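One structure below.
Sequence lines set the chain letters: A, B, ... in the order given, protein chains first and strands last, and positions in each chain run from 1. In this text the structure is predicted, and so the values were computed from the model without any measurement.
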Amino acid sequence: MDKTLLSTLRFRLAGWYRANRRALPWRRTSDPYAIWVSEVMLQQTKVETVIPYYQRFMARFPSVLDLAAADLQSVLKLWEGLGYYARARNLHRAAGQVAATHRGVLPGDHGALLNLPGIGPYIAAAVMSIAFGRPYAVVDGNVKRVLSRLFMVDAPVNRHDAYAVFERKAKTLLDPEDPGLFNQAVMELGALVCHPRQPRCVTCPVAAHCRARQAGRVEAYPRRIRKPPVPTRAAAAGVVLKDGRILIVQIPPDGLLGGLWEFPGGRVDAGESAEAACIRHIQKKTGLSVAAAERLGRIRHAYTHFKVVADLFRFEWRSGDVRLDGPVDHRWIRPDALTQYPLPKTHHKFMPLLSGLLA
DNA sequence: AAGCCGGGGCC
DNA sequence: GGCCCAGGCTT
């Protein structure tokens, strides 16, 4: 790209950003740890969703050492509802590593950051540029959308091999004078002006440089490959009652909802009743024999790769001690203690069905 | 290179 | 109901 054009683009973008940026909590600090936490929370998550989580998290864990000293369950409880719980597990583990090997100070070194769990190309570049002022270009969903329109990039943004294409573009555009501001400016432009649908080109500071706009094809970019529709699964979960207490089990740390707690249950096979499936899963996973009492209700929930229709049952314990197969821990708790544990969204949807038990 | 991993808000 | 969001990890 022509050198004069390049500096004009950088200049206009920076000017627009200074005048239009949102006053976000993580923009009032230069603490690398705070920047790091915000970037982890912002993965695949909208700014408005993150703000309250970020504020609670930073109030509770103001430094790397505070986070490293915390137990994972309290971290997951603060993360409850934010999703992608591996982010919380990795952040906690990484804090432990920073405490142990860097004396609690996040290293301003690209390679060292990439070695920490949960820090990939995006967060490494974001922390290096925003917190340390170093020239690393970020490539996120916003950047890919903005660049795909600016240069009419035909590579679909949601294909893995597209990353290298956009990274090259981002590197040539990056303003070495203030990489942190430049990176945030491109992302803010994507968030406030260069929307996925109906972009506000009229107010765009770089519309004059935009090839898609010149071609009248802004809405045709970014290009994207279609994903197949997600399947729906049937599931069942059981509230097992024994002496006024209910059983919850902890989900294994790897995989879906790892580390959270749930009522025992599982998938309903084809041709199987939800109640029979639930009894089968409880027997298999906890070793308990239960007797059916009643069906409390049904909820629906959408995950990234499937949807679930889940029936909730109430059972009375009949016999057996807990012998776990699958879950990594269990508790017999009073119903009013449920809120002390990090639970999946499905279980928050179950709560209204439990009103009789909580009384 | 592709699949897995939450939840919410928008159309 | 599909799409999108300040992605990273695993295989």
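Dashed line: the shortest gap from a side-chain N or O of Tyr85(A) to OP1 or OP2 of dG7(B) is under 4.0 Å. Under 4.0 angstrom from either OP1 or OP2 of dC4(C) there lies at least one side-chain N or O belonging to Arg224(A).
When distances are taken from the side chain of Glu188(A) to each of dA6(C), dG6(B), dG7(B), the shortest belongs to dA6(C). Checking dA6(C), dC5(C), dG1(C) against every side-chain atom of Lys46(A), the shortest atom distance belongs to dC5(C). Side-chain atoms of Arg145(A) lie closest to dC4(C) of the nucleotides dG6(B), dG8(C), dC4(C). Taking the side chain of Tyr122(A) as heavy atoms from C-beta on, and the options dG7(B), dG8(C), dC4(C), the nearest nucleotide is dG8(C). The nucleotide whose nearest atom lies closest to any side-chain atom of Lys307(A) is, among dG1(C), dG8(C), dG8(B), dG1(C). Picking from dA6(C), dG7(B), dG7(C) the nucleotide with the shortest atom distance to the side chain of Val47(A) gives dA6(C).
Between Gly255(A) and Thr49(A), the residue anchored closer to the 5' end of DNA chain B is Gly255(A), taking for each the nucleotide with the nearest heavy atom. Looking at which nucleotide of DNA chain C each of Arg197(A) and Ala124(A) is closest to, the 5′-most match is held by Arg197(A). Comparing Asp161(A) and Tyr84(A), the nucleotide of DNA chain B nearest to each residue sits closer to the 5' end for Asp161(A). For the pair Trp26(A) and Arg93(A), nearest-nucleotide mapping onto DNA chain C gives the more 5' position to Trp26(A).
At the heavy-atom level, Arg89(A) lies nowhere under 4.0 Å from the strands shown. Residue contacts for Thr304(A): at a heavy-atom cut-off of 4.0 Å it reaches a base atom on one of the strands shown. Using a 4.0 Å heavy-atom distance criterion, Leu82(A) is classed as a base contact. When heavy atoms are screened at a 4.0 angstrom cut-off, Tyr303(A) is found touching the sugar-phosphate backbone but no base atom.
One N or O donor and one acceptor, one from the side chain of His160(A) and one from the base of dG3(B), sit under 3.5 Å apart. Side-chain to base pairing of Thr45(A) with dG6(B): one donor and one acceptor N or O lie within less than 3.5 Å of each other.
Relative orientation of the Tyr136(A) and His110(A) rings is parallel, given thresholds of 30° and 60° on the angle between their planes.
Of the possible donor and acceptor atoms, one in the side chain of Asp109(A) sits under 3.5 Å from a partner among the backbone N and O of Gly111(A). Within the 3.5 Å criterion, the main-chain N or O of Met128(A) finds no donor-acceptor partner in the side chain of Arg134(A).
Annotation: Asp321(A), atom CG; neighbour count of heavy atoms from other residues, nucleotides and ligands within 6.0 Å does not exceed 12.
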